[in-house]
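Chain A is the first sequence line, chain B the second, and so forth, proteins listed ahead of strands; every chain is numbered from 1.
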2 protein chains.
Amino acid sequence: MDGLRETAELLKVVAHPARLEILQKLETEILCVSDMEELLGVGQSNVSQHLSILRRSGLVDCYVEGKLRCYFLKDPRVIDILVLLKKKYDDPLPAPACCPTRPHAQTKKTAASL
Amino acid sequence: MDGLRETAELLKVVAHPARLEILQKLETEILCVSDMEELLGVGQSNVSQHLSILRRSGLVDCYVEGKLRCYFLKDPRVIDILVLLKKKYDDPLPAPACCPTRPHAQTKKTAASL
DNA sequence: TCACTATATTAATATATTACAAGATGTGAA
DNA sequence: TTCACATCTTGTAATATATTAATATAGTGA
């Protein structure tokens, strides 16, 4: 985690349903803008803006093929994030085991550590 | 990934430097609000707001200890996200190997697959 | 060159987030 | 009770983000 700022910035870029969907599709396909327009059901300029954000942050890149711009994933973190988001979790983390006696900045103890 | 909406919502909650820092600290310690106030160097009401967002989304929870509220991590996804964000990546993903001939929705080919 | 298509950019507006200040609530101690 | 402390909630102004429409650019083929 470089800086908190930059990390948050990266997450913010991914934290949009349209951009998430774009990234998800790009995991398996190369797509041009009009593909995505159809896919997402939003206007062309909106797609283009989202792509511009994704490009600016280095998550995707594109090459030109005639009139089309073919977008593909560039940042390896995207793959890992998408995998993680698909993962299933059964239980919440174990709650701290005891009611602590010294309230400030105590070291965390979980059920497992007793 | 349940729905894109909810997933984006989760990411948005994490995508703030102050909240990231809180979550990071909670990985190893239980903290009360005034601890975090000091830690983050922002006002108490602001900390409280961030905690309220984290609580509402189920990422953290707290128990009451006298006058203090002791916060701890609840959602296991947080741990995985933090681990991932700390991971180092050397190279970008391989660019698509060839300039495709059929532009629309082609299956992605990478250098590795040639 | 001209018209057409694909995409990018800009501008205008609506909406959401953020930080800060002030007041409300709840708990423990005198 | 009353006070002091820890935290939460609400109001608000500043800023950021999203959406949509309009316009600009760039490649292609007639």
Under-4.0 Å side-chain N/O to phosphate OP1/OP2 contact, [X] with [N]:
{"X": "R19(B)", "N": "dT18(C)", "result": "yes"}
{"X": "K12(A)", "N": "dA16(D)", "result": "no"}
{"X": "S34(B)", "N": "dT7(D)", "result": "yes"}

What is the distance, rounded to the nearest whole Å, between atom [atom1] of [X] and atom [atom2] of [N]?
{"X": "L54(B)", "N": "dT7(D)", "atom1": "CG", "atom2": "C1'", "value": "15 Å"}
{"X": "E65(A)", "N": "dT28(D)", "atom1": "CD", "atom2": "C1'", "value": "13 Å"}
{"X": "E9(B)", "N": "dT15(C)", "atom1": "CD", "atom2": "P", "value": "17 Å"}
{"X": "R56(B)", "N": "dA16(C)", "atom1": "CZ", "atom2": "C1'", "value": "13 Å"}
{"X": "L51(B)", "N": "dT18(C)", "atom1": "CG", "atom2": "P", "value": "13 Å"}
{"X": "L40(B)", "N": "dT7(D)", "atom1": "CG", "atom2": "C1'", "value": "15 Å"}
{"X": "E38(A)", "N": "dT7(C)", "atom1": "CD", "atom2": "C1'", "value": "16 Å"}
{"X": "M36(A)", "N": "dA8(C)", "atom1": "CE", "atom2": "P", "value": "9 Å"}

Under 3.5 Å, is there a donor-acceptor pair between the side chain of [X] and the main chain of [Y]?
{"X": "R19(A)", "Y": "V13(A)", "result": "yes"}
{"X": "D35(B)", "Y": "C32(B)", "result": "yes"}
{"X": "Q49(A)", "Y": "S45(A)", "result": "yes"}

Does anything in residues 52-61 of chain B pair up under side-chain hydrogen bond (donor to acceptor under 3.5 Å, both in side chains), and if so which pairs, sequence neighbours excluded?
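Matches after skipping sequence neighbours: S52(B)-R56(B), R55(B)-Y71(B).
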
Would you mind reporting whether L82(B) and L20(B) have side-chain heavy atoms less than 4.5 Å apart?
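Yes, side chains in contact.
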
Do L40(A) and N46(A) have side chains that get closer than 4.5 Å, going by heavy atoms?
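Heavy-atom side-chain distance check fails, nothing below 4.5 Å.
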
Of I53(B) and S48(A), the one whose closest DNA chain C nucleotide lies more 5':
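It is S48(A), whose closest nucleotide lies nearer the 5' terminus.
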
Given DNA chain D, 5'-ward residue of the pair Y71(B) and A15(A), judged by closest heavy atom
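The 5'-side residue here is Y71(B).
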
Nucleotide-resolved protein contact map, nucleotides 19-30 of chain C, B/S/- at heavy-atom distance under 4.0 Å:
BBBB----B---

Looking only at non-hydrogen atoms, find the nearest pair between M36(B) and L31(B) and report the distance.
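Closest approach of M36(B) to L31(B): CE-O, 3.6 Å.
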
